[in-house]
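Taking it in order: structure first as structure tokens, then the write-up.
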Amino acid sequence: MVKIINNKEIVQYIKDLVSIPSPSGYTEAAISYVEKFMKNRNIAYTISNKGALLATIKGDNDSKHRLLTAHVDTLGAMVKEIKSSGRLSLSMIGGFRWNSVEGEYCKIHTADGRVITGTILINQTSVHVYKNAGDAKRDETTIEVRIDEVVKTKAETEAIGISVGDFVSFEPRVEETESGFLKSRHLDDKASVGILLHLIDIIQKEKITLPFTTHFLISNNEEIGYGGNSNITPETVEYIAVDMGAIGDGQTTDEYSVSICAKDSSGPYHYKLRQHLIELAKNNNVDYRVDIYPYYGSDASAAIRAGFDIAHGLIGPGIDASHAFERTHISSLTHTAILIYHYLQSELI
């Protein structure tokens with residue numbers, strides 16, 4: 001095992017990141033956090049026109065490149081309508097179910113920079129009034145935001161600065177348990193961003209020279225399907241998305257190991273690259289699981305769809321209850337970091 005992996009540092013990066021609201025389309029603050037990290041370490045980087053960050057560490061071989069990506073954008077919502085009651089109806093950002101955010105605290109980010117808090121509820125919440133509250137359908141017509149301001153009409157809500165198109169972020173409620181679990185919304189995919197930042201720290205502190213020039217793309221549109229299908233240098237031959245491993249019935253992925261994806265809804269990932277990752281895991285005592293994610297797509301698959309000539313892979317920590325009340329264990333973060341550490345210093349396939 002790699003002793004220089006510092007779990008506390010990884011967890012701190014993750015806690016910092018999940019505490020920054022960044023639904024897709026509203027990611028500037030999260031990207032700024034990563035930008036400050038790169039500046040403080042004199043890592044070369046660029047910001048793309050669509051707001052992603054691409055950091056580059058030159059290697060011995062600059063004619064062939066690797067790229068690893070993780071994303072800071074998260075699930076969220078937008079104000080769809082201000083109701084006559086002064087409450088808000090929502091439009092989803094990303095693929096989640098309304099029941100997974102019912103009862104959650106949220107923040108409304110107004111165009112003039114204000115942050116107004118609220119709670120996401122069904123419009124028939126009180127069991128003392130609505131006999132069938134538990135059976136009511138949860139959808140965009142029944143879910144609403146109760147604003148923490150004295151507003152009783154549409155005009156009063158508009159008067160405090162809320163308007164259609166304002167972003168709505170969900171409270172992360174991040175918590176680390178004594179048993180080693182990290183619970184929070186948005187571990188997809190800020191857990192992986194935290195891992196990559198820690199590995200960049202290690203490369204610098206240990207003065208590790210990478211065999212190939214390596215890019216770290218921190219994308220900002222993955223949850224809506226097109227975060228990583230640009231910013232790929234012509235020299236890039238291997239592209240790995242570091243994203244969450246999906247847990248559920250019939251899955252091999254768990255909260256304690258690194259998940260290596262064989263196939264998702266986009267089709268199989270590059271077989272030879274997958275086998276290379278498996279061999280690295282075996283040779284370095286990394287606990288891993290190979291899995292298929294049936295309803296999943298990644299920035300790597302987006303890049304393939306865009307026509308890039310790359311070998312693509314997908315790995316990441318196992319995240320329970322994805323797109324809902326997410327949780328992982330520190331051991332999963334560690335095994336993911338160790339696998340990437342060895343991959344970065346390995347030969348191309």
Take E171 and E104 through the test side-chain contact (heavy atoms from CB on, under 4.5 Å) and record every step on the way to the result. CA-CA 7 Å; E171 282 299 311; E104 187 60 272; 4.1 Å; yes
So, the side chain of N6 versus the backbone of E9: is there a donor-acceptor pair under 3.5 Å, distance only? yes
Quick check: do S169 and H109 have side-chain heavy atoms less than 4.5 Å from each other? yes
Suppose the criterion is side-chain hydrogen bond (donor to acceptor under 3.5 Å, both in side chains): which pairs have a residue in residues 272-282, not counting sequence neighbours? H276-S346
In chain order, what residues pass the side-chain hydrogen bond (donor to acceptor under 3.5 Å, both in side chains) check against T110, with sequence neighbours excluded? D112
Just by modelled atom types, is the S257 backbone N or O under 3.5 Å from a matching donor or acceptor in the S332 side chain? yes
Taking the side chain as every heavy atom from C-beta outward, state whether L314 and Y293 have any pair of such atoms under 4.5 Å apart. yes
What residues form a side chain to side chain contact (heavy atoms under 4.5 Å, CB included) with S163, not counting sequence neighbours? D166
CD of E235 to CG of D62: how many Å apart, nearest 0.5 Å? 7.0 Å
Would R66 pass as a cation-pi partner of Y239, given that its NZ or CZ must be under 6.0 Å from the six-membered ring centre and within 45 degrees of the axis? no
For a 4.5 angstrom cut-off between non-hydrogen side-chain atoms, does E158 reach I82? yes
Heavy-atom side-chain proximity of P211 to D60 below 4.5 angstrom: no
Grouping ILVMFWY residues whenever side-chain heavy atoms fall under 4.5 Å, the cluster of V237 otherwise contains F212, L348
Give me the atom names and distance for the closest heavy-atom approach of D264 to S298. OD2-N, 4.0 Å
Of all heavy-atom pairs between L199 and A337, which one has the smallest distance, and what is that distance? CD2-O, 3.7 Å
Identify which one of I10, I14, I203, N7 satisfies the side chain to side chain contact (heavy atoms under 4.5 Å, CB included) criterion when paired with H198. I10
Test item: side-chain donor near acceptor, D291 and S259, under 3.5 Å: no
Minimum heavy-atom separation for I195 to L333, with atom names? CD1-O, 3.8 Å
Donor-acceptor pair, distance only, cut-off 3.5 Å: does the side chain of T328 make one with the backbone of G318? yes
What's the shortest heavy-atom distance between T125 and Y130, and which atoms? N-CD1, 4.0 Å
Between atom CD1 of I47 and atom CD1 of I218, what is the distance when rounded to the nearest 0.5 Å? 10.0 Å
Any sub-3.5 Å donor-acceptor pair from T142's side-chain atoms to K137's backbone N or O? yes
Can you check whether W98's main-chain N or O pairs, donor with acceptor, with E102's side chain at less than 3.5 Å? no
Centroid-centroid distance, F170 to F96, less than 6.0 Å: yes
If we only count heavy atoms from C-beta on, is the T119 to V145 side-chain gap below 4.5 Å? no
Do V101 and R185 come within less than 4.5 Å of each other through their side chains, counting heavy atoms only? yes
Set out, in order, the CA-CA distance, both residues' side-chain angles and the distance that settles side-chain contact (heavy atoms from CB on, under 4.5 Å) for L68 and L344, then state yes or no. CA-CA 9 Å; L68 288 86; L344 290 171; 3.6 Å; yes
Taking only Lys NZ, Arg NE, NH1 and NH2, and the carboxylate oxygens of Asp or Glu, determine whether E326 and K183 approach each other closer than 4.0 Å. no
For the atom pair CG (N123) and CD1 (I143), what is the distance rounded to the nearest 0.5 Å? 8.0 Å
Sub-3.5 Å donor-acceptor pair from the side chain of S22 to the main-chain atoms of T27, do we have one? no
Below 4.0 angstrom, N of the basic side chain to O of the carboxylate: do E238 and K64 qualify? no
Do V242 and I310 land in one hydrophobic cluster if side-chain heavy atoms of ILVMFWY residues count as linked below 4.5 Å? no
Expected output: side-chain T334 to main-chain I330 donor-acceptor under 3.5 Å: yes
Assigning hydrophobic clusters by single linkage (Ile, Leu, Val, Met, Phe, Trp, Tyr; side-chain heavy-atom cutoff under 4.5 Å), is I162 placed with V151? yes
Are Y296 and I292 in one and the same hydrophobic cluster, where Ile, Leu, Val, Met, Phe, Trp and Tyr link if side-chain heavy atoms are under 4.5 Å apart? no
Quick one: does R138's side chain have a donor or acceptor within less than 3.5 Å of a partner on A136's backbone? yes
Check the hydrophobic clustering (I, L, V, M, F, W, Y; side-chain heavy atoms under 4.5 Å; chains of links allowed) and say if L197 and I5 are grouped together. yes
Residues I93 and M78: closest non-hydrogen pair is CD1-CG, 4.0 Å
Check whether the side chains of H71 and D243 place a donor and an acceptor atom closer than 3.5 Å, and report yes or no. yes
If only atom types and distance count, is the side chain of D73 paired as donor or acceptor with the main-chain N or O of E223 below 3.5 Å? yes
Does E255 pair with R327 as a salt bridge, N-O distance under 4.0 Å? yes
List the atom pairs, with distances to 0.1 Å, where a side-chain N or O of residues 29-40 and a protein N or O form a donor-acceptor pair under 3.5 Å, not counting sequence neighbours.
unit_1	atom_1	unit_2	atom_2	d
S32	OG	E28	O	2.9
Y33	OH	D16	OD2	2.8
E35	OE2	Y45	OH	2.8
N40	ND2	K36	O	3.3

Heavy-atom side-chain contact between F216 and T214 under 4.5 Å: yes
Taking all heavy atoms of D148 and all of G118, pick out the closest pair and write down the distance. OD2-N, 3.4 Å
How about F181 and H329: are their ring centroids closer than 6.0 Å? yes
Verify, without hydrogens or angle tests, whether E81 (side chain) and V164 (backbone) share a donor-acceptor contact under 3.5 angstrom. no
Just to verify, what does E156 make a side-chain hydrogen bond (donor to acceptor under 3.5 Å, both in side chains) with, not counting sequence neighbours? none
Just so I know, are the side chains of I240 and L273 near enough to count as touching, which here means a heavy-atom distance under 4.5 Å? yes
